[in-house]
Structure formats: structure tokens, C-alpha cells
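Since we're looking at a predicted model, the values are computed, not measured.
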Amino acid sequence: MDDTGDTGDMEDTGGTGGPKGTDESRDVDGAAPPLVIVDAANVVGSVPDGWWRDRRGAAERLRDRLAAEGVPGRTGPVEVVLVVEGAARGVESVPGVRVESAPGSGDDHMVELVAGAARDRPVLVVTADRELRRRVTELGAEVAGPRAVRPR
């Protein structure tokens, strides 16, 4: 559940993106597409659909939906990174979604990803975690709640 009261609407990152961008996708100026980092544990945990019985399977379903549908409200290329942790570690990447297994804290890993990218391109982090939202916005990322990538 979104503990911030966020409606799930994405805030403007200053760029556009679409379903199947990768880090090799560049615009006409050679700029990298916006980066969308998805907190898998937080997004799958926001819907009580039995995900706790199969955390890896829930992360794979989210990955597959992102690969097929992209990020709602985005047009043009984006790079989507799904960060998994705990029992979901080991989920494989697919075309359109790079999956990163956090070696420790998923939150710390997402902060590292933002720190490495926020100076070069727009970054959107999808999570309802208040502390993570604070940490990534301090680095220049925009944030959106889990509804931004859940089916309507």
C-alpha cells in the first residue's frame, strides 16, 4: 500500500519514454533515454494478491508486464530497471527490462543507480517507500507511487 498517500501519477521528469527502451537507445542528440527504476518488492507488495507465496514469480510477472506494456504515460524510449532483492534475486532480464539483483539492501542499490545516472538524464523511481523517496529526490530523481506501473 502506498504509505505516502501518493495517487500513483508520475511527476514530470523532463523527458519522455516508452515501453521498450534500453540504455543503447539514444535520442537525436545522443542523450540517454530517461531511466525508470522500479522497486519490485514495494510494487508487488502494494497489492494483496498472494505475492508472498511466490516472491520470485511476482517479480517475474511485474517484469513481463513492464516489458510488454512499458511505463504508462510515457512515449518514446526509456530504460527500465527492475530492482529485486531477497527471495526474488536471480530473476533474469528480458528485452525492454533490465533486472538487477541487489546484493544487499534494495533501497541502497536503487540509491546507487540514481547517483550514477541523475546528472546525465532524467530518473524516475517507482516506490512508495518514504525514506527511499527522500533519498533519491535529494539526488535529483523524480518519484511515483506503485500505481504508476500497476495495471489499472
Side-chain angles (χ1 to χ4, degrees), residues 1-51 55 57-85 88 91-102 106-107 109-152:
M1 176 177 235
D2 188 337
D3 63 1
T4 65
D6 184 270
T7 63
D9 294 332
M10 289 184 286
E11 297 174 17
D12 184 14
T13 62
T16 60
K20 298 191 178 183
T22 65
D23 55 354
E24 289 84 29
S25 301
R26 302 282 175 172
D27 66 16
V28 288
D29 296 325
L35 176 63
V36 177
I37 301 169
V38 180
D39 182 349
N42 191 268
V43 172
V44 299
S46 68
V47 178
D49 62 359
W51 59 265
R55 293 170 194 258
E60 289 171 337
R61 288 187 297 278
L62 175 58
R63 174 206 61 197
D64 294 347
R65 189 171 61 248
L66 289 167
E69 300 172 11
V71 179
R74 297 287 177 180
T75 57
V78 296
E79 179 183 1
V80 178
V81 177
L82 181 67
V83 176
V84 297
E85 60 187 313
V91 170
E92 299 291 326
S93 295
V94 297
V97 179
R98 185 175 88 225
V99 179
E100 293 209 7
S101 293
D107 290 3
H109 190 69
M110 286 179 271
V111 169
E112 290 171 11
L113 290 171
V114 171
R119 291 179 303 276
D120 301 326
R121 60 181 165 163
V123 178
L124 174 69
V125 177
V126 180
T127 187
D129 182 301
R130 287 182 186 174
E131 178 61 14
L132 177 58
R133 290 167 74 104
R134 183 194 62 77
R135 291 171 68 190
V136 299
T137 55
E138 286 178 355
L139 294 170
E142 298 292 332
V143 295
R147 289 186 196 112
V149 295
R150 285 197 319 239
R152 304 254 180 234

Looking only at heavy atoms, what is the nearest atom pair of S46 and V43, with distance? OG-O, 2.6 Å

Report yes if the side chains of T127 and M110 come closer than 4.5 Å at any heavy-atom pair, otherwise no. no

V91 versus A59, closest heavy-atom pair with distance: CG2-CB, 4.1 Å

The residue among V126, V149, V97, V94 that forms side-chain contact (heavy atoms from CB on, under 4.5 Å) with L82 is V97

Where P33 and E79 come nearest, the two heavy atoms and their spacing: CG-N, 4.1 Å

With side chain to side chain contact (heavy atoms under 4.5 Å, CB included) as the test, would you mind laying out the steps for V125 and D39 before giving the verdict? CA-CA 7 Å; V125 177; D39 182 349; 5.6 Å; no

R55 side chain to A88 backbone, donor-acceptor under 3.5 Å: no

Please confirm whether the backbone N or O of V99 pairs with a side-chain atom of S93, one donor and one acceptor, at under 3.5 Å? yes

With E100 via salt bridge (Lys or Arg N to Asp or Glu O under 4.0 Å) - residues at least two apart: R98

Evaluate the criterion side chain to side chain contact (heavy atoms under 4.5 Å, CB included) for residue pair V84 and R63; output intermediate values, then yes/no. CA-CA 10 Å; V84 297; R63 174 206 61 197; over 6 Å; no

Full working for side chain to side chain contact (heavy atoms under 4.5 Å, CB included) between L113 and H109: CA-CA 6 Å; L113 290 171; H109 190 69; 4.0 Å; yes

Measure across W51 and A58 and return the closest heavy-atom pair with its distance rounded to 0.1 Å. CB-CB, 3.7 Å

Closest approach of A128 to P146 (non-hydrogen atoms, all atoms of both residues): CB-CD, 3.7 Å

Quick one: closest heavy-atom pair of A148 and A144, and the distance? CB-CB, 3.8 Å

Set of salt bridge (Lys or Arg N to Asp or Glu O under 4.0 Å) partners for E131, sequence neighbours left out: R134

Using the side chain to side chain contact (heavy atoms under 4.5 Å, CB included) rule, take V111 and V136 through it: C-alpha gap first, then chi angles, then the decisive distance, then the call. CA-CA 6 Å; V111 169; V136 299; 4.1 Å; yes

Please report the interatomic distance CG(D107) to CZ(R133), rounded to the nearest 0.5 Å. 12.5 Å

